[in-house]
Structure formats: structure tokens, C-alpha cells
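Below is one structure, written out as C-alpha cells, with a few remarks after it.
All chains are named by letter (A, B, ...) in the order of the sequence lines, taking the proteins before the strands, and each is independently numbered beginning at 1.
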Amino acid sequence: MSCLAILRAELFRLSRTRAGRIGLVVPALLGALQVVVADFMDAAKLARAAAESGASEALPPSPAFGLFADGLGGLGAMSLVMIALLTGAFSIVRERDQGSFALLVLARSRGSIVVGKALGTCLYLIVAFVALLLATMGTAAIRHDFTAIIEDGYEMASAGDQWLEVARAVGAGLPAILCCACFGVLVSAVTTGVGAAAVGAVVPFTLLALFQSTLGGAAERLFITYAPFFSERAPLTRLSKVARAFSDTHWEQGELARAALVPGVEAIACLALAWLITRRRSA
Amino acid sequence: MTAGSTGELALQLEGVVKEWRGGAALAGVDLAVPRGAVVGLVGPSGAGKTTAMRVGLGLLAPDRGRATVFGAPAAEIARHSGRVGLLLDGPALERGLTVADNLELHALRHGRAPVDARPLLERLGLARLATRRAGRLSQGEAIRVALVRSLLLAPDLVVLDEPVAHLDPALAAVALDLCAEAARARGAALLVSSHQLAELERVATHLVLLHRGRVLLQGDLPTLLATIAPALRIAAKPLDGARAVLQRHPGVKRVDLLRLDGAELLRAELAAADAAASVNAALHAAAIEVAALMPERPTLDELFRRALHAAAVAEAAA
């Protein structure tokens with residue numbers, strides 16, 4: 001596969017540049033920070049509740065799952081979405097800007113360049129996501145245990161069930177983040193400058209994310225709906241409630257499958273369009 | 001181009017036309033770069049040199065005509081990954097990566113293992129900069145790194161657009177020598193565009209002169225230089241007497257007065273190179289005091305100016 005050389009080169013570039021390294025660490029740091037803040041708020045809330053009820057004994061600490069989910073689907077994930085959009089948006093246009101796109105065209109076919117760049121960016125994002133996952137999990141585990149949720153002596157959800165929910169949310173939520181990168185690659189193929197690419201990727205995405213509720217049923221067919229960026233319907237965002245076993249929160253029929261499938265199809269469509277555009281434009 | 005080196009063509013343009021909104025950038029260009037040749041691509045700014053290179057490498061589709069690289073359509077140039085080295089549009093380095101990482105990235109993109117670049121870096125005085133970020137290099141340093149990159153994978157065709165524009169004369173000579181040596185050593189082809197004609201003349205075996213999207217001259221350089229009539233520069237007293245003798249001499253086609261550094265000289269264009277001796281004898285016979293009589297070496301610069309002058313005259317006549 002000739003795109004593997006581009007993929008390897010892309011990973012090499014992202015791992016050696018300062019911006020690439022910062023992009024790996026920022027989501028993890030933000031996720032961990034959010035866990036610490038959420039833990040502090042929870043502790044304050046528990047202390048207030050204990051003081052108001054006049055209980056002499058401290059309330060038992062809640063399991064780590066809720067805090068972990070807060071960190072995983074919160075600011076860290078939002079920053080990861082932005083990084084996905086921008087990394088994708090810069091992937092081709094930056095090469096054109098600095099004059100190295102011609103060198104790429106001598107090395108590999110344009111299709112391989114588009115696919116290699118997209119796959120390289122996706123692998124980079126997966127590594128950043130794993131870092132976010134481990135950072136939030138580790139931070140949550142500092143003061144809490146990943147144990148079953150028990151209310152009034154009744155086990156609402158076992159630890160095994162909770163891990164399963166986390167796995168399902170990750171499996172359904174990650175494709176939308178990766179699709180953001182592919183959307184960025186499409187914008188990168190269309191635009192002619194780095195600034196235009198950044199604006200072209202971030203502005204329409206943010207506007208659609210903010211006003212997705214106005215789209216009605218059509219929102220279900222947009223990957224933006226499943227990206228953890230101001231979207232209540234994103235699996236990673238909803239995990240926060242699911243992990244706390246809120247009675248009114250559960251995955252709807254086919255919701256997770258749709259969350260994985262829609263971004264997957266749209267990612268392929270974005271890359272196909274990017275390839276067509278790149279093929280027609282001079283290097 | 002008939003005077004090839006190995007016969008096999010590394011790059012060829014046949015009847016290539018490329019039009020922009022402002023007119024034709026290339027108006028039916030035929031150009032051949034044989035393997036083993038160092039082809040100098042020269043022409044005034046806007047002549048179409050860079051466009052010809054872009055079309056030749058499949059980076060730009062021609063409106064008409066055909067471009068091939070190693071006999072295959074230029075649009076499929078990726079099939080020859082690693083066989084073509086390029087410096088076009090400036091250094092094109094990743095500013096956030098070090099020099100060494102930039103070179104490794106280049107090898108990776110071609111699916112190659114990292115190559116030891118130290119010998120090339122040392123030749124161009126870059127060895128101490130291997131760990132410096134490309135964004136902190138001067139323009140000249142960055143161009144030299146890009147030259148190393150273009151030679152790194154031992155390509156069979158190297159295309160360089162203005163490679164020495166930002167280099168001092170000494171470094172420009174080293175850089176062009178390095179490229180020419182690397183090409184000669186493996187029988188590779190080198191296509192170089194430059195406005196520094198004296199430097200180019202030292203290394204080029206062939207020449208293509210473009211003007212307004214057309215090829216004005218093309219061929220092996222010694223043959224083209226031989227088309228310039230031999231000439232003598234003569235410092236003599238009295239100058240008018242010398243001029244009269246020269247104008248009467250059957251071996252002299254034309255006499256011009258030159259002013260160089262405040263001194264007046266005569267330039268005598270000869271019908272044949274062996275007429276110099278009889279010219280000297282005629283001046284002595286006329287009791288002209290000859291202080292200096294120097295054969296003029298035909299240069300690429302002279303060839304360039306004459307070709308453009310002839311083109312301008314032809315255009316004016318048309």
C-alpha cells in the first residue's frame with residue numbers, strides 16, 4: 001500500500017514537531033484538570049449535603065466512573081475535536097503553502113497522499129485519545145475506586161457494567177472525532193491558505209454544532225451530532241450521565257450503531273471528495 | 001536535442017502548450033533531458049522556465065502536447081518514487097523539524113529507510129546544523145539543505161529551479177559542482193534553471209534557452225558556443241589607424257569600439273579563428289603599436305545576449 005509511506009511520514013512529522021507533541025498532551029491535561037475540578041465540586045456538594053442533613057458521619061465517596069466520564073467527554077474531548085479539525089485542515093494546504101506538496105506528488109499518487117495523510121492524522125488522534133483516556137482514568141482513580149454504584153444498599157450498576165458502558169461510548173464516540181479530521185482534510189484540499197483552511201474547518205463545524213437542534217431529524221445524519229462538542233447527543237458527552245446510572249439516561253435503540261456508522265460513511269465521503277479535488281488541482 | 005549522453009531520455013516535453021489568462025506560458029515547447037547530461041535551462045524572467053519544469057514533472061497538466069519522465073507519462077511520476085530529486089518553489093522544509101528530521105521525513109515519504117546524509121551535509125558546510133530546526137536557518141542554509149534533500153536518495157533525474165540564487169559565489173560553485181558530480185557519477189540527468197550564467201556554464205553540458213514560452217536555442221553547449229564568431233580584443237595606438245587596418249582586412253567581419261574601465265579597445269569579429277595571426281601581422285605591417293591582442297572566449301552570457309537580441313530584432317521586423 002503506497003499510502004503507508006505517507007502515513008508513516010505523517011506520524012513521524014507529528015511526533016517530532018512541537019505543535020504535534022502539544023496536541024497529544026493538551027486534551028489529556030484538560031481532561032485530568034476537569035476530573036480534579038469535578039471531584040472538588042462533588043466533595044463540596046457532599047459536604048454541604050452532610051451539613052444540611054446534620055449527619056455526623058461522612059457520606060460514602062461515589063465511584064470513580066462519573067468523574068472519569070466527566071473528564072473523558074468534557075473539555076479534553078472538545079479540545080481533541082478542535083485538534084482533529086485543525087490537524088486535518090492543515091494537512092494538505094500547509095504542504096502547498098510551504099512548497100512541499102510537489103515533493104509529495106513525486107513520492108506518491110495523490111490518492112495515496114490524501115488517504116495516507118488522513119490515516120496518519122487519525123492514528124495520531126487515537127494516540128491523543130488514549131492519552132486522554134488514561135489521564136482521566138488515572139486522575140479519577142487517585143481518590144476514588146472504580147466500584148459498583150450502590151444506592152440505598154441496592155446495586156444500580158456493577159463495575160463490569162460500567163466498564164462496558166465506557167467501552168460502548170468510546171467505540172461509538174471515537175468515529176465522530178476521526179471524521180472531524182477527515183472533514184478537515186476535505187477543507188484542506190479545497191482551500192488555498194492555512195488561515196482559510198482553519199476558518200473553513202472550524203467556523204462551519206462550530207456553527208452547525210451550536211445550532212444542530214434547529215436541524216431536527218436531519219441532525220441524526222450529521223457526524224457533528226456525535227462529536228463531543230456542544231452536543232448532548234454525542235456518546236462521549238452522554239457517558240457522563242450513563243456512568244452515574246441516572247434513571248432517565250440510557251442508550252436508545254440503534255443510537256450507538258448510528259453514532260459509529262454515520263461518521264464512518266461521512267469520513268469516507270470526505271476523503272473521496274478530497275481525493276477528487278486534489279487530483280484536479282495542480283501541485 | 002540530438003547530442004545526448006546515454007541516449008535514454010530522463011525527461012521530455014513534446015509540443016507542450018500551457019496557457020494562463022495572460023497568454024501562453026509555453027507555446028509549443030520541445031525539450032529533452034538525456035540521462036548523463038547536465039542541462040542548463042535559461043531565459044529571462046517570465047520566459048516559462050519554472051512552468052516547463054512543472055509540466056515536465058507532471059505537477060501541472062499541459063493544455064496540449066506531451067510530457068514524459070523516463071518514457072512514462074509525467075502525470076504518473078509517482079511510479080518513479082525516489083528516482084527524481086527536486087528543488088522548486090524555494091527550500092520547502094518543515095520549519096518545526098530539524099535538518100536531520102527533514103531529511104529523514106523525505107526518505108520516509110518515498111518509503112525508504114533513513115539515509116546517511118552526513119557526506120552531503122559536510123560538502124555543503126551544513127554538518128553542524130543537522131540538529132537545528134529548519135525555521136531557524138537562513139535562506140541560504142535552507143536552500144543548501146533542500147539541495148542535499150534533492151540528492152539524498154541518489155535520484156536518476158534532478159530538477160533544480162534557481163538553486164544558487166541565494167548563495168554566495170563560492171557556495172554556488174560548490175553546490176553546482178556537487179550536483180553535477182552526483183549526476184555524472186551515476187549517469188543521472190540534471191536539469192538546472194539559473195540566471196547565474198557563468199556558474200551554469202561551468203557545469204552544463206547542454207543548454208535550452210527559453211524566451212516568451214518558446215525555445216530559442218537548444219543543443220549541447222560546446223556546439224552552441226561554437227556558433228559565436230571568434231573575436232579579438234585589441235589595444236593599439238593609434239586606435240583610428242588600427243581600426244582602418246582591421247576594416248580593410250579580409251579575415252575581419254566587423255570592428256567595434258569598446259570602452260572598458262576608461263580604456264578604449266577595438267573588438268574585431270573574425271571570419272575564422274585562424275585569422276588572428278594574419279590580423280596581428282597586418283597591424284605590425286602598418287606600424288601600429290599593439291599593446292595587447294586577446295582572443296575573446298565565447299561565453300554563455302554572450303550566447304544568451306545574442307540570442308535575445310536576434311529574437312528582439314526578428315520580433316521588431318515582424
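Atom CZ of B:Arg214 has 12 or fewer heavy atoms from other residues, nucleotides or ligands within 6.0 Å. Heavy-atom contacts from other residues, nucleotides or ligands closer than 6.0 Å to CZ of A:Arg281 number more than 12. Residue-environment remark: CZ (B:Arg66) stays at or below the threshold of 12 foreign heavy atoms within 6.0 Å. In this structure, B:Arg118 places its CZ atom where only 12 or fewer heavy-atom neighbours from other residues, nucleotides or ligands lie under 6.0 Å away. Crowding of B:Arg212 atom CZ: a count of heavy atoms from other residues, nucleotides or ligands under 6.0 Å not exceeding 12.
Side-chain atoms of B:Arg109 and A:Arg108, non-hydrogen and from C-beta on, never get closer than 4.5 Å to each other. Two residues are said to be in side-chain contact when any heavy atoms from C-beta on lie closer than 4.5 Å; A:Glu95 and B:Glu94 meet this criterion. Put simply, the side chain of A:Arg16 does not reach to within 4.5 Å of the side chain of B:Leu105, judged on heavy atoms. At a threshold of 4.5 Å between non-hydrogen side-chain atoms, the residues B:Asp101 and A:Phe12 count as touching.
Options A:Arg110, A:Glu10, A:Arg94 differ in how many heavy-atom pairs under 4.5 Å they form with chain B, and the most are formed by A:Arg94. Between chain A and the options B:His106, B:Glu104, B:His80, heavy-atom pairs under 4.5 Å are most frequent for B:Glu104. Put simply, of B:Leu97, B:Val69, B:Leu60, the one with the most heavy-atom pairs under 4.5 Å next to chain A is B:Leu97.
Taking all atoms of both residues into account, the shortest heavy-atom contact from B:Ile77 to A:Leu106 is CD1-CD2, 3.5 Å.
Between atom CG of residue B:Asn102 and atom CZ of residue A:Arg13 there is a gap of 11.0 Å, rounded to the nearest 0.5 Å. Residue B:Leu59 holds its CG atom at 9.0 Å from CG of A:Leu103, rounded to the nearest 0.5 Å. Rounding to the nearest 0.5 angstrom, the gap separating the NE2 atom in B:His110 from the CD1 atom in A:Ile6 is 8.5 Å. Here OG of A:Ser109 is found 12.0 Å from CZ of B:Arg79. Values are rounded to the nearest 0.5 Å.
Of the two parts of A:Leu104, only the side chain, counted from C-beta on, holds a non-hydrogen atom closer than 4.5 Å to a non-hydrogen atom of chain B. For B:Arg149, the part sitting under 4.5 Å from any heavy atom of chain A is the side chain, from C-beta outward, and nothing else. For a residue to count as touching a neighbouring chain, one of its non-hydrogen atoms must lie under 4.5 Å from one of that chain's; by this rule B:Leu93 touches chain A with the backbone only. Proximity to chain A is absent for every atom of B:Arg112, based on heavy atoms less than 4.5 angstrom apart.
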